[in-house]
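So that the names make sense, note that chain A is the first sequence line, chain B the second, and so on, each numbered from 1.
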Protein chains: 6
Amino acid sequence: MATVRLVEYEDASPEAREVYDDIMARKNIDWVPNIWKAMGSHPALLKDVWFSLQETMKPGRLDPLMKEMIAIAVSVTNGCEYCIHSHTAAARKLGLDDEMLGEVMAVTGAFNRTNALANGYHVEVDPPILEAALGKPKVEDAAD
Amino acid sequence: MATVRLVEYEDASPEAREVYDDIMARKNIDWVPNIWKAMGSHPALLKDVWFSLQETMKPGRLDPLMKEMIAIAVSVTNGCEYCIHSHTAAARKLGLDDEMLGEVMAVTGAFNRTNALANGYHVEVDPPILEAALGKPKVEDAAD
Amino acid sequence: MATVRLVEYEDASPEAREVYDDIMARKNIDWVPNIWKAMGSHPALLKDVWFSLQETMKPGRLDPLMKEMIAIAVSVTNGCEYCIHSHTAAARKLGLDDEMLGEVMAVTGAFNRTNALANGYHVEVDPPILEAALGKPKVEDAAD
Amino acid sequence: MATVRLVEYEDASPEAREVYDDIMARKNIDWVPNIWKAMGSHPALLKDVWFSLQETMKPGRLDPLMKEMIAIAVSVTNGCEYCIHSHTAAARKLGLDDEMLGEVMAVTGAFNRTNALANGYHVEVDPPILEAALGKPKVEDAAD
Amino acid sequence: MATVRLVEYEDASPEAREVYDDIMARKNIDWVPNIWKAMGSHPALLKDVWFSLQETMKPGRLDPLMKEMIAIAVSVTNGCEYCIHSHTAAARKLGLDDEMLGEVMAVTGAFNRTNALANGYHVEVDPPILEAALGKPKVEDAAD
Amino acid sequence: MATVRLVEYEDASPEAREVYDDIMARKNIDWVPNIWKAMGSHPALLKDVWFSLQETMKPGRLDPLMKEMIAIAVSVTNGCEYCIHSHTAAARKLGLDDEMLGEVMAVTGAFNRTNALANGYHVEVDPPILEAALGKPKVEDAAD
């Protein structure tokens, strides 16, 4: 059970209602998911999280399915039930099938294991790895 | 400082040495990263983790860069310093640039935020999300 | 479902019963919450946790509501369902309303995001921040 | 070592530089902290995180020191080194002394312990706690 | 509700069915636990995780009950509901009673607390502790 | 660098000094580890944590080495650098060698992986597992 009364569309403040409208329009649904109705109790938070998320999730160098798969990996690592379901649902709408989900899970599981091992043996990062992680300066910088 | 003496190639057991050889061959390097030298102190673990990882990371429905980006997201969420560096390094070799890394970080950050919000307000998963997350049975099953 | 049979008041050992009595008296309730009944199966743990918590939560430089808001932030970050509910309930009794809860959630969410970003880019702590974090020696020390 | 080359003010894009200017103005410092220079490599992220944070941290029902203490609790629970230092530094500027920090740590530590116990015994949330956590509807709603 | 349709024995691929048979034989049960039926949707994962786990859990220097108690501690720290129940169940079959579980919980709780304190005060590891953690080289190495 | 000035023995309050003396006596060392010197800045916390820990770690149904191995597993899962070193050091003094540490790491790693898989596929706990986890009532209760 939630820790706030969910704010239904008809009870929402004009500020919250504007976000609800945008959520339904962009997701092409005629209902507001519970997580957003919970944030409806604090419209400033609702607005900030929703619009920040649009900025983050818009197509860029990574496509939307790729971004949703990362969202699944993060939510699984944090054990967030609501988020695991909502991002798996979003990814499925973008084409994720059981085999792809299996690969996401395999990779997520594998690195939760190796993260523990690297933390536990507490080895220092090898200098060639540090250097390779840093990458090259951007082309325009390199041209200086 | 590590919690075991790293096992150098010349001190390694034949079982560990075989894995070290495979690591250097597949990564095309002539040195063994510290994490594997730490596991060299317990060859059964070294062997199991290395070969399981090859199974997990081989190209499938997700390509290797995609898998490394998920590895970054998991390692960031767990705060594993060694892993963040080693997977960022691996991803950079596969073409990750600062802009793509920026998108991986943006998505990873965003969902660490919304995971906290969904946990904190503790809303129930909306039934249409539960249903969409589950996906469709596979075609061959559906044909029964 | 719990992983131990909850120990009811009438089945509790004298040692556990003494703690149950103190719990009910201090919380001004006539029932024992489940978490304490679970610990009733191991009275030494029950006693240690309960009395340590009284020490921690007594009014000090931070008032009880402030302490409960920190408890919410910790429980949300760990995703502990029981704890999120029990600390939100405790905070509400001390005056937390939806707007204050919204601010606690906003701050908790925001720093789960920036924690991921700082871990992921793995930047070094700026020396002026290190120095400012350390604070000043206490007055009596400074007087030496 | 960071996983991106930090973007100095003189190398920053106009979009990033505008955020850098705002950071220095609001913090009243003449240098840009490393975390923001790292995000300078992806200006859209820099801009989104910085302005979202201003929205979150502005004085509301909770005062700035209170918000920074919650930030410490979250960062400690996640084990984020950079964040622990930067939020402790920020809180000290707002008046946090060793005794108050001790109370923040005591509360953060205590609930990391009880979170584990509640998760581990996996007890159900008591119905009166669920009800109390939910709180009352807001006055204006109740007036309907 | 799961995020994949669980794959029942009669619908499983020959590769998955072989693992299911091994699970039932080794656990001496005539049904397949849900976690393995979920992985049945991606047989390569099912096979890798199951056989890797047999390698890890076989009696060694630590006996099976000891290994299951560590499994409980990890699952509690991660807050994994399924895992807490399945490892507590496994440990109970190996002789864990409420008092032993109480000690596992007490230790797990205590170090979740002190982990937070050590992270939060961010003290450096004392050199004698670093040295003691590293241990001695193995006898055969020392003989060189 | 720590976030408080470590309180040396000669600067400690009488209350803190009493705990320092007990730490050195029980650990049979003539210096105070950094984590306790940090808590020396808030003697009530120092005292509560130290004496609670003695209660938790005293020999019971689990022996001290077993308890330290669980402490390692928890600290590894949380990624606490100070704690990983201090508990590995403590376990080594009690006889932990590289092979045993390898087994602790293998088990800790394995269940960080399966925790992610169980969370990610979000399967329901099988009823026979729920029942087995709960265990039997204690003999004296059963005799009622």
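Side chain to side chain, C:Tyr82 and D:Asn115 fail the donor-acceptor criterion of an N or O pair below 3.5 Å.
For C:Leu45, the part lying near chain D is the side chain, with the backbone staying farther off; criterion is any non-hydrogen pair under 4.5 Å. Contacts of C:Leu53 with chain D are made by side-chain atoms alone, with heavy-atom separations under 4.5 Å and no backbone atom involved. Looking at C:Leu6, only its side chain comes within 4.5 Å of chain D, counting heavy atoms on both sides.
In this structure, the separation between NE2 on C:His85 and CG on D:Leu134 is 8.5 Å, given to the nearest 0.5 Å. Atom NZ of D:Lys67 sits about 10.5 Å away from atom CE of C:Met69, to the nearest 0.5 Å.
Considering C:Asn112, C:Asn119, C:Asn78, C:Thr77 in turn, C:Asn112 is the only one that fulfils the side-chain hydrogen bond (donor to acceptor under 3.5 Å, both in side chains) rule with D:Asn78.
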Exercise for review: Begin with the C-alpha distance, continue with both residues' side-chain angles, and end with the deciding distance and a verdict on salt bridge (charged side-chain N to carboxylate O under 4.0 Å, His left out) for D:Arg61 and C:Glu103.
Suggested key: CA-CA 8 Å; D:Arg61 297 289 297 284; C:Glu103 293 191 14; over 6 Å; no
Exercise for review: Decide yes or no on side-chain contact (heavy atoms from CB on, under 4.5 Å) for D:Tyr121 and C:Lys37, but give the supporting numbers first.
Suggested key: CA-CA 10 Å; D:Tyr121 279 126; C:Lys37 287 197 233 172; over 6 Å; no
Exercise for review: Please step through side-chain contact (heavy atoms from CB on, under 4.5 Å) for the pair D:Leu117 and C:Val49, ending with a clear verdict.
Suggested key: CA-CA 10 Å; D:Leu117 295 171; C:Val49 174; 3.7 Å; yes
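The greatest number of non-hydrogen atom pairs below 4.5 Å with chain C, out of D:Ala71, D:Ala116, D:Gly102, D:Ala110, is found for D:Ala71. Across D:Asp126, D:Thr3, D:Ile129, D:Val125, the residue that shares the most heavy-atom pairs under 4.5 angstrom with chain C is D:Asp126.
Checking side-chain atoms of C:Asn34 against main-chain N and O of D:Glu124 turns up a donor-acceptor pair under 3.5 Å.
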